[in-house]
Amino acid sequence: MTFLLHNTASGGKEEFEPLEPGHVRLYTCGPTVWNFAHIGNFRTFLFYDLLRRHLRFSGYRLTHVVNITDIEDRIISHATERGVSIREYAGPYEEAFLEDLATIRFQGVEVMPRATEHVPEMVAMVEKLLAKGNAYQADADVYYRVSSFPRYGELAHLDRAGLKAGARVAADDYDKEDVVDFALWKGEQPGEAAVGAVWEAPFGRGRPGWHIECSAMSLKYLGPTFDIHAGGIDLLFPHHQNEVAQSEAANEAPLARVWLHSEHLADATGAKMSKRLGNVATLRDLLDAGHDPVAIRFFLLASAHYRQKLRLDETGIRAAAEQVRRLRDFAARVDRSQPAPADDPFLVQELEDARHHYRAALDDDLNLPQAVGYLFDAVREANAGLDQGRAGPAALAAMRVLLDDADQHLDVLKEEDRSLEAEVERLIAEREAARAARDFARADAIREELKARGISLEDTKEGVRWRPA
RNA sequence: GGCGACGUAGCCAAGUGGCAAGGCAGAGGUCUGCAAAACCUCCACCGGCGGUUCGAUUCCGCCCGUCGCCUCCA
């Protein structure tokens, strides 16, 4: 079974094969913890989540690195305002970020290094680049000499002539040789020592530029060449392009073999979501608005392919919630179903086909929306089979396997614990007594009351079932 | 100005050179004390104009529209 991934570097889908058989080395750009992450950030993280889950699903062992950027202009400036160190300032946002990830069931990664804890590695790389002539000092700063790296622009499919003609070539107040050169090291500025943002280096006291951290940390944890590097599309240029320039010049080896970039989550009007435009929503905002974290997960993960723009849309989240509900209902039904005496071979075949199609869709550049289409097809057929007593032992087993496969990516079936169980059961019993007495007014009143408390009831031949509405 | 993406039913969305998945919403049924759930049925000719082709939503060109990137934003 071949696994195809769309490689930004080549612009097409390629068969994936890790350097080391059975083991995938993966680097995905992490958050700058200067504030609460917005929901668009989490779309990207759920893309990482899908990628790593499918790699594991495919049997690979993973070493997945996600960096925490805790040295950065905005962090320094806010920390200065508050009179705290950058670690003290960033710590709570880092914690909030990890909490939010857990809320949307992001699977934990193997390594989460902080920039502040890897400055010596960055210094070493800058020294190497200086020694090789790929970098130069200009006063207290060190810049990368883009002209020393002929392949600059290849990854992002930009040529240097185009860059120079770019509309955003800002007036530059640094002593750079070339406007496209970027900072590897920024000399100490007044006030930076007070917030713990200054480090010693042979080329002068200061702090690392942004791009160098990823180059240094990926080298440390994954080696000079690793399998997959991923990030949001906005990181393609200049961030990833600069990483390539730094790492490949320093290590004299290709950085990543496959580059993956996910599209943005747009706001409701279709515009890019960014703090600067003020059109952001955080996960916490959506939760406060009453959305279920699992519905948010499903919405971000499964409603559009990762390379497709997606709009944040409340109707869409509600639709996702309904889909999750349908899957959970079906899973619960499969769990409690007794096998019919005989299997309908057509049903069994359909379920097995669905499982193969599901996997094939994911193997085709992580096409989860398509995979989910097959899944719901199968759910409908399976429900019909259960309705009609055509689901024997083989069909039930096939249903369980399909759900298990799907939930390895979706991770929406498991519900949070139900502490109110006893109370609900008591009210259900009371309502059953009322129904037996044909006191339907009372029975409906209880049902309404539970509904108001977020519990919905279903009367079935096998008895009453309830679930969170 | 340069590079690129997208435009499929009320909404979201997958997809293919040969009669367009799936979900949500909606309508009508079966079942039910009534509901709910489930199932059944119904609901698109794929932005516009040309071209290539036996045949295009799918390939090419142009146009219209939306969006992104072009130095630190997931």
Side-chain angles (χ1 to χ4, degrees), chain A residues 11 28-32 37-45 47-48 69 72-74 146 153 156-159 161-170 172 179-183 209-211 230-239 241-242 261-266 269-277 298-299 302-305 307-311 313 315-323 325-326 329-330 332-333 357 361 367-377 379-388 435 438 440 443-444 447 451 456-461 465-467 469:
Chain A
T28 59
C29 285
T32 300
H38 62 67
I39 195 68
N41 299 129
F42 289 113
R43 182 187 186 197
T44 299
F45 277 81
F47 155 63
Y48 302 160
T69 298
E72 192 254 359
D73 291 0
R74 291 167 297 187
V146 167
H157 306 288
L158 293 169
D159 61 66
L163 291 179
K164 287 191 179 180
R168 280 213 298 180
V169 172
D172 216 300
V179 288
V180 297
D181 292 349
F182 56 91
W210 175 40
H211 312 294
I233 184 65
D234 55 337
L235 295 185
L236 171 57
F237 192 89
H239 183 57
Q241 182 61 68
N242 291 353
H261 291 97
S262 58
E263 255 299 346
H264 279 140
L265 179 72
T269 70
K272 178 177 168 176
M273 195 179 278
S274 75
K275 291 247 170 68
R276 203 162 47 80
L277 295 174
F298 193 96
F299 171 75
S303 56
H305 185 260
R307 284 191 288 112
Q308 221 55 49
K309 286 182 192 69
L310 176 65
R311 289 183 188 208
D313 167 47
T315 311
I317 300 175
R318 281 193 288 273
E322 190 58 26
Q323 294 181 76
R325 198 227 84 231
R326 219 165 119 78
D329 275 7
F330 174 64
R333 182 179 189 186
H357 287 137
N367 197 336
L368 186 60
Q370 186 178 64
V372 165
Y374 289 119
L375 177 63
F376 278 109
D377 251 339
V379 168
R380 192 187 57 246
E381 297 295 339
N383 269 319
L386 288 165
D387 282 350
Q388 299 156 9
R435 289 180 72 205
R438 305 196 66 76
F440 295 122
D444 289 350
R447 185 166 62 192
K451 182 93 187 167
S456 61
L457 299 186
E458 297 175 16
D459 297 330
T460 75
K461 287 190 177 65
R465 287 201 296 272
W466 64 274
R467 62 151 191 277

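First the proteins, then the strands, lettered A, B, ... as listed; each starts at 1.
- When the C1' atom is compared between B/G22 and B/A13, the two are found 8 Å apart, to the nearest whole Å.
- Rounded to an integer number of Å, the gap from A/M273 CE to B/C67 P is 15 Å.
- B/A37 and B/C46 have their P atoms separated by 34 Å, with the value rounded to a whole Å.
- Nucleotides B/C45 and B/A20 are separated by 8 Å at their C1' atoms, to the nearest Å.
- A gap of 10 Å separates the P atoms of B/G48 and B/U8, to the nearest Å.
- A salt bridge does not link A/D329 to A/R465: none of the charged side-chain nitrogens sits closer than 4.0 Å to a carboxylate oxygen.
- Contact between the side-chain N/O atoms of A/R326 and the OP1/OP2 oxygens of B/G23 is found at a separation under 4.0 Å.
- Side-chain contact between A/Q241 and A/L158: absent, with no pair of heavy atoms (C-beta onward) separated by less than 4.5 Å.
- The base of B/A35 sits with one of its N or O atoms less than 3.5 Å from a complementary donor or acceptor on the side chain of A/R447.
- Applying the 4.0 Å criterion to OP1 and OP2 of B/C69, one finds that A/K272 has a side-chain N or O inside that range.
- For B/A9 and B/C3, the C1' atoms lie 33 Å apart once the distance is rounded to whole Å.
- Taking atom C1' in both B/G2 and B/C60, the straight-line distance is 23 Å, to the nearest Å.
- If you measure from atom NZ of A/K309 to atom P of B/A74, you get 18 Å, rounded to the nearest angstrom.
- Side-chain contact between A/Q370 and A/H357 is absent, with no heavy-atom pair separated by less than 4.5 Å.
- A distance of about 32 Å separates the P atoms of B/C62 and B/C72, rounded to the whole Å.
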